[in-house]
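Below, read A as the first sequence line, B as the second, and so on, with proteins coming before strands; counting in each chain starts at 1. Only a predicted model underlies this, so the values are computations on that prediction, with no experimental measurement involved.
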Amino acid sequence: MTAPLRTVPTSPLGERTADWFRAEARDLPWRRPDTTPWGVLVSEFMLQQTPVARVEPVWERWMAEWPVPSALAAASRPEVLRAWGKLGYPRRAARLHEAAAAIAAQHGDRVPSDVEELEALPGIGSYTARAVVAFGYGRRAPVVDTNVRRVVARAVHGAGDAGPARVKADLADVDALLPRDDSAAAVVSAALMELGAVICVARNPRCGACPVHADCAWIAAGRPEYTGPRRPVQGFAGTDRQVRGKLLDVLRAAEAPVPKAALDVVWSDGPQRDRCLDSLLVDGLAEQTADGHFALGGTTPGTTD
DNA sequence: AAGACGTGGCC
DNA sequence: TGGCCAAGTCT
């Protein structure tokens, strides 16, 4: 091999993180070499705002039951919601169900490998689209999630934490860390996320074990504390979110449609309860049967025309 | 463009 | 104990 005429711009940060990742990456089921892009897509839906440990068992069962998009598309909405279990944010399950139907019907049962096509699917935004391109197809794509934003904020910018998203600038920051080569870039993308997930964590980062501590702008600056604006922590107790959760919990456990009285017992505030039940109907997570009972369900993809 | 949207574990 | 946090998306 001849040496390149011009030095390829490389990032020590990206390369060292990738080396560390190749040696230390967690053995997660969706990282197995035989995982399909569909398996990656399912994992990304489940991992949105949800810890790895809770996702693992659900992902295993899900992929055994629905190994291809068309299989999920053929399932009923109640089946899908029960399989989702208590992962949280059940609208994700509904959107994954709808995305599967679209992939089966419009993409020949093959998960798109193009960012724009992916983002056109329900429940898939900037992060998930690029994660599928990188981890499902081994292609170069800047993957920006909360972990990566924190790593970049610290290691590159020397700040204590990331602050509010700056979508374009964040993408550019990460893009600058990726090598040109597709598969090498995909490894760096996974590696940056892993670093943020296990080493460069939000509280008590493990800088002593960090593969890039020598290149870290935050350490160089003396690990200054983050002073910028914090996203307000969302309350939960007493919110519609909690009530919806309780309602759905009853419907998930029920083998047959339940009378409204079975739902009334989970929350004493009547108006709030009714509002939440209605929102579940609107979201396609619950449905009312002809005899006025309630059940898991709602719009099933493919049944409308 | 803030705020809604579940659930549970950790310190 | 209770705030904080966990691979976001949508409106």
Visitor: Contact class for W84(A) (heavy atom, under 4.0 Å): base, sugar-phosphate, or nothing?
Guide: nothing

Visitor: Main chain of E116(A), side chain of D114(A): is a donor-acceptor contact present, judged purely on distance under 3.5 Å?
Guide: yes

Visitor: Give one of base, sugar-phosphate or nothing for D240(A), where a contact means two heavy atoms less than 4.0 Å apart.
Guide: sugar-phosphate

Visitor: What is the distance, to the nearest angstrom, from the CZ atom on R31(A) to the P atom on dA7(C)?
Guide: 12 Å

Visitor: Whole angstroms only, please: what is the OH-C1' distance between Y89(A) and dT11(C)?
Guide: 15 Å

Visitor: Want to settle it: does L87(A) or P232(A) sit nearer the 5' end of DNA chain B, counting the closest nucleotide to each?
Guide: P232(A)

Visitor: Could you go step by step and tell me if D19(A) and R22(A) meet the salt bridge (charged side-chain N to carboxylate O under 4.0 Å, His left out) rule?
Guide: CA-CA 5 Å; D19(A) 288 342; R22(A) 290 190 192 90; 3.1 Å; yes

Visitor: Of the nucleotides dA4(B), dA6(C), dC4(C), which has the atom closest to the V233(A) side chain?
Guide: dC4(C)

Visitor: Mind calculating the distance between NZ (K246(A)) and P (dG8(B)) to the nearest angstrom?
Guide: 11 Å

Visitor: Side chain of K86(A): nearest nucleotide among dA4(B), dG6(B), dT7(B)?
Guide: dT7(B)

Visitor: dT7(B) phosphate, OP1 or OP2: any side-chain N/O from R252(A) under 4.0 angstrom?
Guide: yes

Visitor: Distance check, C1' atoms only: dC4(C) and dG6(B), in whole angstrom units.
Guide: 16 Å

Visitor: Considering all heavy atoms of both residues, which atom of R273(A) and which atom of W267(A) are nearest to each other, and what is their separation?
Guide: NH1-O, 2.7 Å

Visitor: Find the distance D283(A):CG to dC5(B):P and express it as a whole number of Å.
Guide: 9 Å

Visitor: Quote, to the nearest angstrom, the C1' distance that separates dA6(C) from dA1(B).
Guide: 23 Å

Visitor: Which of these nucleotides, dA4(B), dA7(C), dC5(C), is closest to any side-chain atom of R26(A)?
Guide: dA7(C)

Visitor: Any chance the side chains of Y127(A) and E44(A) put a donor and an acceptor closer than 3.5 Å?
Guide: yes

Visitor: Rounded to the nearest Å, what distance is computed from the CG atom of residue D249(A) to the P atom of nucleotide dG6(B)?
Guide: 13 Å

Visitor: Could you tell me whether the side chain of W84(A) reaches within less than 4.5 Å of the side chain of R252(A), counting heavy atoms only?
Guide: no

Visitor: On DNA chain C, check which nucleotide each of E119(A) and M193(A) is closest to and give me the residue with the more 5' one.
Guide: M193(A)

Visitor: Can you tell which of dA4(B), dT7(B), dC4(C) lies closest to the side chain of F236(A)?
Guide: dT7(B)

Visitor: When you measure from the side chain of R92(A), which nucleotide among dA6(C), dG6(B), dG8(C) comes out closest?
Guide: dG6(B)

Visitor: For D173(A) and R149(A), run salt bridge (charged side-chain N to carboxylate O under 4.0 Å, His left out): C-alpha distance rounded to whole Å, both residues' side-chain angles, the deciding distance at 0.1 Å, then the answer.
Guide: CA-CA 9 Å; D173(A) 281 349; R149(A) 294 199 333 105; over 6 Å; no

Visitor: Of the candidate nucleotides dG3(C), dC5(B), dA7(C), which contains the atom at the shortest distance from the side chain of Q234(A)?
Guide: dC5(B)

Visitor: Base, sugar-phosphate or nothing for R150(A)? Non-hydrogen atoms, less than 4.0 Å.
Guide: sugar-phosphate

Visitor: Reckon Q242(A) touches a base, only the sugar-phosphate, or nothing at all at heavy-atom distances under 4.0 Å?
Guide: nothing

Visitor: Rounded to the Å, how far apart are R231(A) CZ and dG3(B) P?
Guide: 10 Å

Visitor: Under 4.0 angstrom, heavy atoms only, what part of the nucleic acid is I124(A) near: base, sugar-phosphate, or nothing?
Guide: sugar-phosphate

Visitor: Mind checking the C1' distance from dA2(B) to dA7(C)? Whole angstroms is fine.
Guide: 23 Å

Visitor: Any carboxylate oxygen within less than 4.0 angstrom of a Lys/Arg side-chain nitrogen, looking at R26(A) and E56(A)?
Guide: no

Visitor: Please determine whether salt bridge (charged side-chain N to carboxylate O under 4.0 Å, His left out) holds for the pair R140(A) and D181(A), giving the CA-CA distance in whole Å, both sets of side-chain angles, and the decisive distance to 0.1 Å.
Guide: CA-CA 7 Å; R140(A) 187 181 189 283; D181(A) 177 71; over 6 Å; no

Visitor: To the nearest 0.5 Å, what is the distance between CG (L195(A)) and SG (C210(A))?
Guide: 4.5 Å

Visitor: Looking at dC10(C), dG8(C), dG6(B), which one has an atom nearest to any side-chain atom of D145(A)?
Guide: dG8(C)

Visitor: If the cut-off is 4.0 Å, is R244(A) near the phosphate of dG6(B), judged by side-chain N/O to OP1 or OP2?
Guide: yes

Visitor: Please report, rounded to the nearest Å, how far the C1' atom of dT9(C) is from the CD atom of E98(A).
Guide: 13 Å

Visitor: Can you identify which nucleotide, out of dG3(C), dC5(B), dT7(B), has its nearest atom closest to the R203(A) side chain?
Guide: dG3(C)

Visitor: Does anything in residues 36-56 of chain A come within less than 4.0 Å of DNA chain B? Heavy atoms only, and list the residues if so.
Guide: Q49(A), T50(A), R54(A)

Visitor: Find the distance L96(A):CG to dG8(C):C1' and express it as a whole number of Å.
Guide: 14 Å

Visitor: May I ask you to say what A131(A) touches in the nucleic acid, namely base, sugar-phosphate or nothing, with a heavy-atom cut-off under 4.0 Å?
Guide: nothing

Visitor: Are R31(A) and D27(A) close enough, and set up right, to give a salt bridge (charged side-chain N to carboxylate O under 4.0 Å, His left out), and what steps lead you there?
Guide: CA-CA 7 Å; R31(A) 285 180 178 164; D27(A) 180 25; over 6 Å; no

Visitor: Please determine, for the side chain of T128(A), which listed nucleotide (dA7(C), dG8(C), dG6(B)) has the closest atom?
Guide: dG8(C)

Visitor: Contact class for L192(A) vs. all strands (heavy atom < 4.0 Å): base, sugar-phosphate, or nothing?
Guide: nothing

